[in-house]
Amino acid sequence: MLWFKKKESTAPRVLPDHIAIIMDGNGRWAKKRSLPRSAGHAAGANTFKTIARYCNKIGLPYLTVYAFSTENWKRPPEEVEGIMNLLRDYLKDAENFKDENIKVHFIGDLSPLAEDIQALIKKDEEASKDATGLTLNIALNYGGRDEIVHAVRRMISEGLSPEEVTEQAISDRLYTAGMPDPDFIIRPSGEYRLSNYLIWQSAYAEYWFSDVLWPDFTPRHLDQAIEEYSHRNRRFGGV
């Protein structure tokens, strides 16, 4: 079931420049099947790979996914470790997809991550830096408020005067500097909140919610979301 009805229109499909996804519902997916939460995270990781490849196939310029938030450290240690191991597997396997022309970029405070994960991240970012297809941002140990705090601290350390503190100055110091803000934010699983995700960048984003749990999310669902986006009237405060 979709929370938004498609409007009748003959308008052509409009592909956003930047889609952001909150990958939510892994735990509930596992619970419904009497499986451990780790099974839900593994299924969600497979869905992530499928959707990222599909976005590259249809020519989407930017995709940002919420993989692990600054608040997710509060989860049981065994669940956190399981998520980190899935991340390790993805990073080790990333070289097998270098021919897919996807540029991989991680956003968030990576300093608390294990050293081997940080090394793999650097290796994968370097290996894909010349790709010209989809730019895939993976938000890891990411929080929107934390990102803004980092940007403000940078401005202070750089000695900016009050007059130099502008919206553009802040944007230039976010993890997404140099990229367009997301046009479209998708959240499956039936929740209706941003959960501290891209709160600066999403000021004028369109939203799409669905009760489909993330492991069940398919390219067909993404197509439905993009179709809905195509019929939105984005005025940016104008008429």
K.L.:
List in chain and number order the residues that pass side chain to side chain contact (heavy atoms under 4.5 Å, CB included) with E164, two or more places apart in sequence or in another chain; answer none if no residue qualifies.
P.N.:
L160, S161
K.L.:
Using salt bridge (charged side-chain N to carboxylate O under 4.0 Å, His left out) as the criterion, list what pairs up with D181, not counting sequence neighbours.
P.N.:
none
K.L.:
On a heavy-atom basis, which atom in T166 and which in E163 lie closest, and how many Å separate them?
P.N.:
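It is CG2-O, 4.0 Å.
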K.L.:
Sequence neighbours left out, cut at 3.5 Å: what donor-acceptor pairs do the side chains of residues 55-63 make with other protein atoms?
P.N.:
| residue | atom | partner | partner atom | Å |
| --- | --- | --- | --- | --- |
| N56 | OD1 | L134 | N | 3.0 |
| N56 | ND2 | E100 | O | 2.7 |

K.L.:
Taking the side chain from S230 and the backbone from V14, do they hold a donor-acceptor pair closer than 3.5 Å?
P.N.:
yes
K.L.:
What distance do R53 atom CZ and I102 atom CD1 have between them, rounded to the nearest 0.5 Å?
P.N.:
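Going from CZ on R53 over to CD1 on I102, the span is 7.5 Å.
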K.L.:
Going only through I, L, V, M, F, W and Y residues with side-chain contacts under 4.5 Å, is there a path from L86 to V104?
P.N.:
no
K.L.:
Which residues satisfy the side-chain hydrogen bond (donor to acceptor under 3.5 Å, both in side chains) test with D89, sequence neighbours excluded?
P.N.:
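For D89, no residue satisfies side-chain hydrogen bond (donor to acceptor under 3.5 Å, both in side chains) once neighbours in sequence are set aside.
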K.L.:
I'd like to know if the side chain of S157 reaches the main chain of R154, judged simply by a donor and an acceptor atom lying under 3.5 Å from each other, with no hydrogens or angles considered.
P.N.:
yes
K.L.:
Could you list the residues that satisfy ring pair (Phe, Tyr, Trp, His ring centres under 6.0 Å) with F217, not counting sequence neighbours?
P.N.:
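By the ring pair (Phe, Tyr, Trp, His ring centres under 6.0 Å) rule, F217 matches W214, H221.
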K.L.:
Kindly compute the distance separating CG (L174) from NE2 (H150), expressed to the nearest 0.5 Å.
P.N.:
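Result: 11.5 Å between the selected atoms.
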K.L.:
What residues form a side chain to side chain contact (heavy atoms under 4.5 Å, CB included) with P76, not counting sequence neighbours?
P.N.:
E78, E79
K.L.:
Looking at K129 and E126, is any side-chain nitrogen of the basic one under 4.0 Å from a carboxylate oxygen of the acidic one?
P.N.:
yes
K.L.:
For H18, is there any backbone N or O sitting under 3.5 Å from a side-chain donor or acceptor partner on D183?
P.N.:
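Such a contact is found between D183 side chain and H18 backbone.
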K.L.:
Run through the side-chain heavy atoms of Ile, Leu, Val, Met, Phe, Trp and Tyr, join any pair under 4.5 Å, and report what else lands in W29's cluster.
P.N.:
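Taking Ile, Leu, Val, Met, Phe, Trp and Tyr as members, W29 shares its hydrophobic cluster with L35, L213.
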K.L.:
Who pairs with S34 by side-chain hydrogen bond (donor to acceptor under 3.5 Å, both in side chains), at least two apart in sequence or on another chain?
P.N.:
none
K.L.:
Keeping R232 on the side-chain end and Y207 on the backbone end, is there a donor-acceptor pair under 3.5 Å?
P.N.:
yes
K.L.:
Taking all non-hydrogen atoms of both residues into account, name the closest pair between A20 and P182 and its distance.
P.N.:
CB-CB, 4.1 Å
K.L.:
Would you call R187 and F209 a side-chain contact if the rule is heavy atoms closer than 4.5 Å?
P.N.:
yes
K.L.:
Applying side-chain hydrogen bond (donor to acceptor under 3.5 Å, both in side chains), can you list everything that pairs with K31, at least two apart in sequence or on another chain?
P.N.:
none
K.L.:
Suppose we screen for ring pair (Phe, Tyr, Trp, His ring centres under 6.0 Å). Which residues come up paired with F48, at least two apart in sequence or across chains?
P.N.:
Y90
K.L.:
Work out which heavy atom in N196 is nearest to a heavy atom in Y66; give both atom names and the distance.
P.N.:
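Where N196 meets Y66 most closely, the heavy atoms are O-OH, 3.5 Å.
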K.L.:
Assigning hydrophobic clusters by single linkage (Ile, Leu, Val, Met, Phe, Trp, Tyr; side-chain heavy-atom cutoff under 4.5 Å), is V152 placed with V149?
P.N.:
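Shared cluster, no.
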K.L.:
Which of parallel (below 30°), tilted (30 to 60°) and perpendicular (above 60°) describes F184 and Y229?
P.N.:
tilted
K.L.:
With sequence neighbours excluded, what pairs up with A205 under the side chain to side chain contact (heavy atoms under 4.5 Å, CB included) test?
P.N.:
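In terms of side chain to side chain contact (heavy atoms under 4.5 Å, CB included), with neighbours along the sequence ignored, A205 is linked to I185, S202.
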K.L.:
For residues L136 and M179: do they belong to one hydrophobic cluster (side chain heavy atoms under 4.5 Å, members Ile, Leu, Val, Met, Phe, Trp, Tyr)?
P.N.:
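Shared cluster, no.
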K.L.:
Does D116 have any side chain to side chain contact (heavy atoms under 4.5 Å, CB included) partners at least two apart in sequence or in another chain, and if so, which?
P.N.:
R88, A114
K.L.:
Relative to each other, are the rings of Y142 and Y197 parallel, tilted or perpendicular (30° and 60° limits)?
P.N.:
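Answer is perpendicular, since the angle exceeds 60°.
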